[in-house]
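What follows is a short report on a single structure.
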Amino acid sequence: KEVMPEDLLVEANSSLQTMKESFRLIGPLAGAALFAGFGGGAVAVLDAVSFLVAAALIRSLKVVEDVPESSEQHWRQEMTEGIRHIVGEPLLKHTLVALGLCILVLGFSESLIFAVADAFDKPVEYIGFMLTIQGVGAIAGGLTAPRIVRRLGETGALTLSLAVLALGLAVIAVAPTLWLVLVGVAIFGYSLPLMMIAFSTLMQLRTPGRLMGRVSTATDVVLGTPQTLSIAIGALLVTRFSYRTLFGVMAAVTALAVIYLGVALKGRLFESSVRGIDDQSVTGATQLTTTIGAGPVSVGSGLPVSGLE
């Protein structure tokens, strides 16, 4: 938020998310090749160096920040200020509730992906191909997210992403053939970046700069807790129910989150903080963020990256 002007935040978030998904496709293949050619030690050293390079690049960013104002609040009030801001901001509060509901079941997929491969008599290695399909869908979602967010608004785009996610989960649940399962996986992958970009942009635009850290931390806690529970519960349920039943439950709960947003936000569902920027601004922003690469620093998506991975 401090690095980019507000009217370019959605493009910055989109570029960053698309780049992440692209590296997820390239990274495992490059890592496997390095491991085969030079061994695990070389891979570990290269990984450590990459963190040092990233830290140096972030350190080199020139950011003009407002001097933080000293607070006279009690330390308990300061610790809860992030969550109090979320509760007091209806759009953030209701989207966070909907996302928490979705993520409460989304973690099931961590275990179910193995059950899907086994159901179609595919080896464990086939999961890598399924993740590639998800990654391709995710890149498409990241590239198209800015125009969707500008057209529908942040909450409208997030609601759409949840609806698309429910569709992808439902397709996987009922697909009679493997190629239809892969279609569902691609739809699933498409929805996740759109969801994260829409929520990141909403959080950044609806939160004062001095509270970004606290609100981001509160969001991570609120969403991280159901995700952890979801993964643990999913590992247990996969031993008792078929993957089709559990994906069906995931689709139904996600659809319930869509309905909740429609009812809770009513006339504010398509309210936007970024709409109104003309197409020339959108194009210019896309070119800018593509050129500077990892320059835009988002203040956390607030969404744990889950899904078929």
Side-chain angles (χ1 to χ4, degrees), residues 90-113 115-116 130 133-134 137-138 140-141 144-145 148-149 151-176 180-200 202 219 222-227 229-231 233-234 237-238 240-271 301-309:
L91 293 182
L92 283 178
K93 177 178 68 175
H94 292 304
T95 53
L96 201 56
V97 170
L99 287 173
L101 182 62
C102 172
I103 290 174
L104 190 58
V105 295
L106 195 59
F108 293 0
S109 61
E110 300 284 350
S111 300
L112 290 179
I113 183 65
V116 173
M130 296 178 71
I133 298 298
Q134 179 191 339
T144 56
I148 294 175
V149 173
R151 179 65 61 87
L152 301 180
E154 300 85 26
T155 51
L158 192 145
T159 304
L160 175 63
S161 72
L162 289 173
V164 173
L165 174 58
L167 173 63
L169 294 169
V171 170
I172 296 173
V174 302
L180 274 177
V181 169
L182 296 178
V183 170
V185 169
I187 296 173
F188 180 102
Y190 180 91
S191 68
L192 295 180
L194 178 58
M195 184 193 308
M196 289 185 278
I197 291 165
F199 183 74
S200 294
L202 177 68
T219 300
V222 170
L223 296 180
T225 301
Q227 186 196 28
L229 292 174
S230 179
I231 294 172
I233 294 171
L237 293 179
V238 74
R240 299 175 179 270
F241 301 96
S242 71
Y243 82 86
R244 294 185 185 278
T245 299
L246 294 178
F247 269 111
V249 170
M250 292 165 66
V253 173
T254 304
L256 184 62
V258 175
I259 295 172
Y260 169 80
L261 280 178
V263 173
L265 295 181
K266 296 180 182 177
R268 302 190 67 184
L269 185 61
F270 297 103
E271 183 175 318
S301 66
L303 288 173
V305 179
S306 183
L308 298 175
E309 40 185 330

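All values below come from the heavy atoms of this structure, side chains included, with hydrogens, waters and symmetry mates left out.
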Tell me if a side-chain donor or acceptor on [X] pairs with a main-chain N or O of [Y] at a distance below 3.5 Å.
| X | Y | result |
| --- | --- | --- |
| Thr225 | Val222 | no |
| Ser200 | Ile197 | no |
| Thr254 | Cys102 | no |

Could you pull out the closest heavy-atom pair between [X] and [Y], with the gap in Å?
| X | Y | value |
| --- | --- | --- |
| Val181 | Met130 | CG1-CE, 4.2 Å |
| Gly107 | Ser230 | N-OG, 2.8 Å |
| Ile148 | Ala157 | CG2-CB, 4.0 Å |
| Ala166 | Ala255 | CB-N, 4.1 Å |
| Pro193 | Gly141 | CB-C, 4.2 Å |
| Gly100 | Pro226 | O-CB, 4.0 Å |

Can you tell me how far the [atom1] atom of [X] sits from the [atom2] atom of [Y], to the nearest 0.5 Å?
| X | Y | atom1 | atom2 | answer |
| --- | --- | --- | --- | --- |
| Ile187 | Leu167 | CD1 | CG | 4.5 Å |
| Met196 | Leu99 | CE | CG | 11.0 Å |
| Ile231 | Leu106 | CD1 | CG | 9.0 Å |
| Leu96 | Leu91 | CG | CG | 12.0 Å |
| Ile113 | Tyr243 | CD1 | OH | 10.5 Å |
| Glu154 | Thr95 | CD | OG1 | 10.0 Å |

**Report entry** Among Leu237, Val105, Ile233, Leu169, side-chain contact (heavy atoms from CB on, under 4.5 Å) partner for Leu246
**Finding:**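 That would be Leu237; it is the only one of Leu237, Val105, Ile233, Leu169 passing the side-chain contact (heavy atoms from CB on, under 4.5 Å) with Leu246.
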Report task. For a side-chain contact (heavy atoms from CB on, under 4.5 Å) with Leu162, tell me which candidate from Leu158, Leu160, Thr159 qualifies. Result ->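 Output: one option passes, namely Leu158.
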Do the side chains of [Y] and [X] get nearer than 4.5 Å, heavy atoms only?
| X | Y | answer |
| --- | --- | --- |
| Phe241 | Val249 | no |
| Val171 | Phe188 | no |
| Thr155 | His94 | no |
| Met195 | Val164 | no |

Requested in this report: Step through the shown structure and confirm whether more than 12 heavy atoms of other residues, nucleotides or ligands are within 6.0 Å of OH on Tyr260.
Outcome: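 Enclosed: over 12 neighbouring heavy atoms sit under 6.0 Å from OH of Tyr260.
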Report task. Using the test side chain to side chain contact (heavy atoms under 4.5 Å, CB included), find all partners of Ile259 that sit at least two apart in sequence or belong to another chain. Result ->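 Listed in chain order: Val263.
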Query raised in the report: What pairs meet the side-chain hydrogen bond (donor to acceptor under 3.5 Å, both in side chains) rule with one or both residues in residues 184-196, with sequence neighbours excluded?
Result: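 Applying side-chain hydrogen bond (donor to acceptor under 3.5 Å, both in side chains) to every pair that reaches into residues 184-196, excluding sequence neighbours, yields Thr144-Tyr190.
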Requested in this report: Report the C-alpha separation of Val253 and Leu104 in whole Å, then their side-chain angles, then the decisive distance to 0.1 Å, and conclude whether the side chain to side chain contact (heavy atoms under 4.5 Å, CB included) test is met.
Outcome: CA-CA 9 Å; Val253 173; Leu104 190 58; 5.8 Å; no
Report task. Step by step, work out the side chain to side chain contact (heavy atoms under 4.5 Å, CB included) result for Leu112 and Met250. Result -> CA-CA 11 Å; Leu112 290 179; Met250 292 165 66; 3.7 Å; yes
